[in-house]
Amino acid sequence: KMNKPVLERIELEASMRTALANNEFILYYQPKVPLFGETRFEFETLMRWVHPEKGMISPGLFIPLAEDSGYIQTLGDWAIEQTCRQIEFWNRKGYKNVTVSTNLSPVQLNYGNPLHTIKQALGNFDIRPEQLEIEITESGLMQNEKHAVALLNEIKSLGVRIALDDFGTGYSSLSQLKKLPVSELKIDKSFVQDVMKEREDASLVKAIINMAHSLGLSVIAEGVEEEAQTHFLQQEGCDYSQGYFYSRPMPENEFQEWLKT
């Protein structure tokens, strides 16, 4: 019994290393909805693994495993390439005002070479650099802040947008935030879900929005599940919101239908 979880982990890691070649990984898409008119279509890519025997495997299971094994660098490079491929496809379909974000793992940020991957993808696909956005987390920055900031500045110099994800859950200070080459802050869902119930959460969300705007950053609220939350965010001047109230993450074929509505 003690050995069973270890064996399952080893088997899953072995399967993961062949899954990419077998086209088992796919990207899902979740919209970021503008709260003040359609300035642009924004979407976030989310990786999914459809195992031939086990079915859909939770990202909460395979992402940490990929990070521990170092395989996340290969998966992350694939996600960047696929994201750019999809943007090019939507451009050709007439959706020119599209920005799609993909998540950059702390392992990629601190130990990989995402700059090379991004340059290559921008060269291979007919997209504008600002149509690609890279999402990073506060915790990822803390591992090797000097290296991470230098790398992000190089990525930004290409014209690629950068968003700071899960803002409020990490340890970044205002002085650190001032140094980061980010265009957007994403307010973590743990603050958004209780804005209608907890005065402290509502005050924190207001403060984050005001601070971000004073720094020239746009703001996205994650985890929106109720209409009342949307009204609150609109009232406070939040730029975009994202969550199940608008749409769950969808595979590309379903997302094509969503774009037409």
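Keep in mind it's a predicted model, so treat the numbers as computed, not measured. Heads up: numbering here begins at 1 and tracks the sequence.
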Distance in Å, [X] [atom1] paired with [Y] [atom2], rounded so as to fall on 0.5 Å steps:
X: Gln193; Y: Asp188; atom1: CD; atom2: CG; answer: 8.5 Å
X: Asp77; Y: Thr117; atom1: CG; atom2: OG1; answer: 3.5 Å
X: Ile72; Y: Leu104; atom1: CD1; atom2: CG; answer: 9.5 Å
X: Phe25; Y: His51; atom1: CZ; atom2: NE2; answer: 9.5 Å
X: Thr74; Y: Met16; atom1: OG1; atom2: CE; answer: 9.5 Å

Looking only at heavy atoms, which two atoms of [X] and [Y] are closest? And how far apart?
X: Ala202; Y: Phe232; result: O-CZ, 3.8 Å
X: Cys238; Y: Ile209; result: CB-CD1, 3.8 Å
X: Arg48; Y: Pro59; result: NH1-CG, 3.4 Å
X: Trp90; Y: Glu252; result: NE1-OE2, 4.5 Å
X: Pro129; Y: Leu158; result: CB-O, 3.2 Å
X: Gln229; Y: Gly223; result: OE1-O, 4.1 Å

(message) Apply side-chain contact (heavy atoms from CB on, under 4.5 Å) to residues Thr45 and Tyr29 and explain how you reach the verdict.
(response) CA-CA 5 Å; Thr45 61; Tyr29 300 86; 3.6 Å; yes

Between [X] (side chain only) and [Y] (backbone N and O only), is there a donor and an acceptor less than 3.5 Å apart?
X: Asn22; Y: Glu24; answer: no
X: Glu130; Y: Val160; answer: no
X: Glu135; Y: Ala163; answer: no
X: Glu88; Y: Asp126; answer: yes
X: Gln108; Y: Ser105; answer: yes
X: Gln242; Y: Val224; answer: no

(request) For the pair Asp68 and Arg9, find out whether any cationic side-chain nitrogen is under 4.0 Å from an anionic carboxylate oxygen. (result)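 Between Arg9 and Asp68 there is a salt bridge, with a charged N closer than 4.0 Å to a carboxylate O.
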
(message) Checking Asn91 against Gln131 for the side-chain hydrogen bond (donor to acceptor under 3.5 Å, both in side chains) test, could you report, in this order, the C-alpha distance in whole Å, the side-chain angles of both residues, the deciding distance, and whether it holds?
(response) CA-CA 10 Å; Asn91 282 346; Gln131 291 186 280; 2.9 Å; yes

(message) With clusters defined by side-chain heavy atoms of hydrophobic residues (ILVMFWY) lying less than 4.5 Å apart, directly or transitively, does Ile57 cluster with Leu46?
(response)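 Result: no, two separate clusters.
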
(request) Begin from the C-alpha positions of Asp239 and Ile220 and carry the test side-chain contact (heavy atoms from CB on, under 4.5 Å) through to its verdict. (result) CA-CA 6 Å; Asp239 302 287; Ile220 299 173; over 6 Å; no

(request) Start with the C-alpha gap between Leu233 and Tyr240, add the side-chain angles, then the distance that decides, and say whether side-chain contact (heavy atoms from CB on, under 4.5 Å) holds. (result) CA-CA 9 Å; Leu233 292 167; Tyr240 288 83; over 6 Å; no

Do the side chains of [Y] and [X] get nearer than 4.5 Å, heavy atoms only?
X: Gln82; Y: Thr102; answer: no
X: Met250; Y: Phe43; answer: no
X: Phe167; Y: Val219; answer: no
X: Ile118; Y: Ile134; answer: yes
X: Asn124; Y: Cys84; answer: no

(request) Name all pairs fulfilling the salt bridge (charged side-chain N to carboxylate O under 4.0 Å, His left out) condition that reach into residues 214-232, sequence neighbours left out, sorted by first residue then second. (result)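 For residues 214-232: Lys186-Glu222.
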
(request) Test side-chain hydrogen bond (donor to acceptor under 3.5 Å, both in side chains) on Glu184 and Ser218 and set out the steps. (result) CA-CA 5 Å; Glu184 294 182 338; Ser218 58; 3.3 Å; yes

(request) Check Glu44, Glu42, Lys32 against Ser101 for a side-chain hydrogen bond (donor to acceptor under 3.5 Å, both in side chains) and give me the one that passes. (result)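 Exactly one pass, corresponding to Lys32.
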
